[in-house]
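Notes for the one structure printed next.
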Amino acid sequence: MSSKQTSDDLRVSVLSVDSVDEEKGASEYLSPDTNTSTSTRYSVLWNTTWKKVILGVIMSGIVLTLCSLAGFGFLHGASVAATVVGSETLHSYPLAVKSPYLSAWLPSHHADNVPLGQPQFWAGQNLTWSVLARVNGDTYTLFGAPHNISGAPAATQQQISYTSSHTLVDLTAGNANITLDFFSPVLVGDDDLARQSLPYSYLTVTAISTDGNTADIQILSAIDSSWTAQNNTPQLNYTRTGSSGYFQFFNPEQYLFSEERDMATYGSVVFASSIHQGNTYQCDTPANIYNSFVSYGVLSGSPSNHGATSNGCSGSDLVGLAGNLADVAVNGSSITYAIGLNREFAINYLGQTQTGYYRSVWPTIEEQVDFVLTNYSTALNQSNTFDAIVRTKAESVSSEFGANYADILEATIRQTFGAMEVTISMDNLSDTSNPYIFLKEISSDGNMNTIDVIFPTFPILISLNPTYLRLMLQPVMEYLALPISDGGWPKPFVIHDIGSAYPNATGHHDGNEEDMPLFETSALFQLLYAYQKFTGDNAWAAQWTNLLNGYADYLVKNGLYPATQLISVDAIRATGNQTGLAVQSAIGLSAAAALLNEPTYRESADSFVNKIYNQGLGLDGKTPETSTHFTYNYNHPSSWGTLFPIYPDVLLNLTTFPTAAYEMEASYLLTQNKPVGLPFFGPYDYTTSLTDNGCTWTITDWTFWTTAAVNNVQLQSLVVNATKAFLTNGLNSEPFGTKYEVMAPGTEGKWVGNRARSTVGANFALIALEQGVWSKLY
């Protein structure tokens, strides 16, 4: 867990109460605190006082969560790492991140003053989401009031921190310490496709008395239609069902499968909380809602006032849900909200509608809301275990840079899975035999299941669940296998993506797309073989053997001397004879040989290696002995690049190139590294002819791949520490961007491009290579 905090440097972490055996003590479950830095180590203060404090109970719809003693911040089953406020700040903190359309963030320039902070959609649009607390009759703003709220001064912020699943904000208001826990579950086990696919996130507000005296506390949270790109046109109502009550913004005249500035223009925004004594709600102007809460601690509506549905609301209204925490003392109490964006018509796949996998279990919004809120305690406990596993495993990668690496991975996970949706056919909700995962190419073209986006993403899937790789490739392979006469792909190499604009996976039957022939074709073989190797499933890819043989033959014919074409970094102009593409083609053929059990493809790969490496075609010298590095293009000995295509060769143990080749590359890259990062390729004068302004930037996706493959601890340390410094330098406000300046004077560390993308999954390259598939997630 990573944090900024004003209190003393305290490192405390707690597993869920249910999982700790009091006789053993928590030390049996967590590794000891052996690091004296401000990085988190999983340890527990386990004494009589703490035992009393961390007991959690669920009663009457109010969740009593883990709280600390006054002055230490609050525990939520996640660890707390203390650093000085302002010493480091994420570019943007994930708040509610569960799909390409439910993706709310808090930019860094608001992180030091969360009460007045402005949450945003990943693309930068402002979102309305406020939280207020009324403590003993005095009202305080806790979050989301950039223009202030009359009668509600800002609470005092103590710290903001994050784990893999949670973003936590600790504040003081009156005689209460209050924590906001923004929680987006990551449940990627094989049996959890339904729960992971639920497009809902949690906000839990926890309060505890600071002085041992009881505090009378009410909590309000409110949103509006800014969460959907429907321009204040949606209808709005309040519904009570079972143990829950929720507001729903919806448009009965919605235009399906469309978006505006990357936000969905259809579907329902849902805002919910559990029903218990003292709950009230209201849809009205912001002034009326805030005035009601400030004055009385309640809103105008209560669940008992209405039947199943309450109408009379306007789509332009603010909607508020308020709850009474009653007399809060040392044990503390909490209220949990859920926010979601439900699209029954999720994806248009080749003219057939795909819907969320979760609808196979909870087909209606009422059922979804009830489950999400009643399942909160289970999801929380599992997240505690998951977050601890991520932290511990990441830190174990290196005693030198493991803490920084863990910080990076914790900032990676929600962003990666927030770009995906797990779906089934709309035609039969009971049939879950052929699920798909659709991936949006966020922050560029919005393409669907782009191969060169899946490719850098896949290390995280190796660690957490390789089945996700199969589900992501399934709709791609089905489309590639279609006959041309049925609208199939007409070219002899692998397609770039299966749809130009999310959520429409309509293919490219006319062949019109952003071709990257060698990159996509070689990448597909490596992805398919990665799934097969790490799962033992030899049957899945075999159904496309004839198709794949054709693609392998394409690599044999075209891979050694690449024609003029793009690579995944399309900011670089297309050129011919790119060494990296030839290297990637050779490794792709090695993967094809293993996948298809066809040794002739390995023979071709070996012949490529003989030319590229042994005979110096892709080196700066005539032989390996007289060379220092691989070139960027053949016959340009001064050119060089981050040779990221070698990573799958090492991960998959293909041994296409000799270890000496990678050791040579590592030594050379050390000479090219800059204080804030490793440039993508160079030298600068050479790159000016291939990019608009020359290459002065790095791309973290590919530097992680390269440094993992070359297995040079010094280079790995430099890259990890530079990436952590970039991630927390306070210069940027975009969700974890992956392209930033490392050379341009005065702009070092500034974000250049790519934000909120799943490709941060590449950060798992080191740990996937070292640890393979994790056997336990939660």
Side-chain angles (χ1 to χ4, degrees), residues 517-519 521-522 526 554-567 569 572-593 600-650 652-673 678-687 689-690 695 702-703 705-712 715:
L518 293 177
F519 193 100
T521 304
S522 56
Q526 294 166 66
Y554 181 87
L555 290 179
V556 171
K557 294 176 183 177
N558 299 281
L560 182 57
Y561 295 96
T564 298
Q565 59 192 279
L566 293 170
I567 62 169
V569 186
I572 303 174
R573 296 185 184 98
T575 60
N577 289 328
Q578 292 184 54
T579 304
L581 278 178
V583 168
Q584 187 172 333
S585 296
I587 297 169
L589 283 168
S590 292
T600 60
Y601 295 137
R602 180 62 195 230
E603 293 169 4
S604 294
D606 291 343
S607 71
F608 282 24
V609 173
N610 187 49
K611 289 280 189 180
I612 297 166
Y613 180 69
N614 296 334
Q615 298 182 30
L617 179 62
L619 304 180
D620 66 317
K622 294 183 178 180
T623 67
E625 292 75 20
T626 60
S627 300
T628 62
H629 65 277
F630 286 86
T631 59
Y632 188 82
N633 293 97
Y634 295 163
N635 302 318
H636 291 273
S638 68
S639 69
W640 61 272
T642 49
L643 199 65
F644 62 87
I646 64 178
Y647 174 70
D649 194 35
V650 181
L652 304 177
N653 197 28
L654 295 169
T655 62
T656 309
F657 286 83
T659 302
Y662 300 157
E663 291 173 348
M664 175 189 72
E665 190 68 10
S667 298
Y668 186 77
L669 291 178
L670 281 170
T671 70
Q672 301 303 315
N673 190 65
L678 178 66
F680 181 75
F681 77 127
Y684 173 76
D685 289 345
Y686 182 77
T687 68
S689 64
L690 301 181
C695 178
W702 299 132
T703 55
W705 273 41
T706 305
T707 56
V710 299
N711 195 29
N712 183 290
L715 187 61

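As the structure is a prediction and not an experimental result, all values here were calculated from the model. Positions are given from 1 along the sequence.
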Point-to-point distance, once rounded to the nearest 0.5 Å, from [atom1] of [X] to [atom2] of [Y]:
X: H636; Y: S638; atom1: NE2; atom2: OG; answer: 8.5 Å
X: I572; Y: I567; atom1: CD1; atom2: CD1; answer: 4.5 Å
X: Y668; Y: L619; atom1: OH; atom2: CG; answer: 12.5 Å
X: T628; Y: D620; atom1: OG1; atom2: CG; answer: 3.5 Å
X: I646; Y: T656; atom1: CD1; atom2: OG1; answer: 11.0 Å
X: L560; Y: L581; atom1: CG; atom2: CG; answer: 12.0 Å

Q) What's the verdict on side-chain contact (heavy atoms from CB on, under 4.5 Å) for L669 and W640, showing C-alpha distance, side-chain angles and the deciding distance? A) CA-CA 9 Å; L669 291 178; W640 61 272; 4.0 Å; yes
State, to 0.1 Å, how close [X] and [Y] come at their nearest heavy-atom pair, and which atoms those are.
X: S522; Y: F519; answer: OG-O, 3.2 Å
X: S604; Y: S607; answer: O-OG, 2.6 Å
X: F608; Y: A582; answer: CD2-O, 4.2 Å
X: P658; Y: V609; answer: CD-CG1, 4.5 Å
X: L643; Y: G580; answer: CD1-CA, 4.2 Å
X: P645; Y: V583; answer: CB-CG1, 4.5 Å

Q. Is it the case that T631 and T579 place a side-chain donor and acceptor less than 3.5 Å from each other?
A. yes
Under 3.5 Å: donor-acceptor pair, side chain of [X], backbone of [Y]:
X: Q578; Y: Q565; result: yes
X: N577; Y: Y634; result: no
X: T521; Y: L518; result: no
X: E665; Y: F630; result: yes
X: H629; Y: S639; result: yes

Q: In sequence, state the C-alpha distance, the side-chain angles, and the governing distance for N633 and L690, and then conclude on side-chain contact (heavy atoms from CB on, under 4.5 Å).
A: CA-CA 11 Å; N633 293 97; L690 301 181; 4.2 Å; yes
Test item: [X] and [Y] side chains (from C-beta on) under 4.5 Å apart, heavy atoms:
X: N711; Y: V650; value: no
X: P648; Y: L654; value: no
X: S627; Y: M664; value: yes
X: T687; Y: F681; value: yes

(Q) Could you walk me through whether F657 and D649 satisfy the side-chain contact (heavy atoms from CB on, under 4.5 Å) test, starting with their C-alpha distance in whole Å, then the side-chain angles of each, then the deciding distance to 0.1 Å, before giving a yes or no? (A) CA-CA 8 Å; F657 286 83; D649 194 35; 4.2 Å; yes
Q) For the residue pair F644 and F680, does the interplanar ring angle fall in the parallel (under 30°), tilted (30 to 60°) or perpendicular (over 60°) class? A) tilted
Q: Output all residues satisfying side chain to side chain donor-acceptor pair (under 3.5 Å) with T623, sequence neighbours left out; order by chain, then residue number.
A: E625, T626
Q: Take L589 and D606 through the test side-chain contact (heavy atoms from CB on, under 4.5 Å) and record every step on the way to the result.
A: CA-CA 9 Å; L589 283 168; D606 291 343; over 6 Å; no
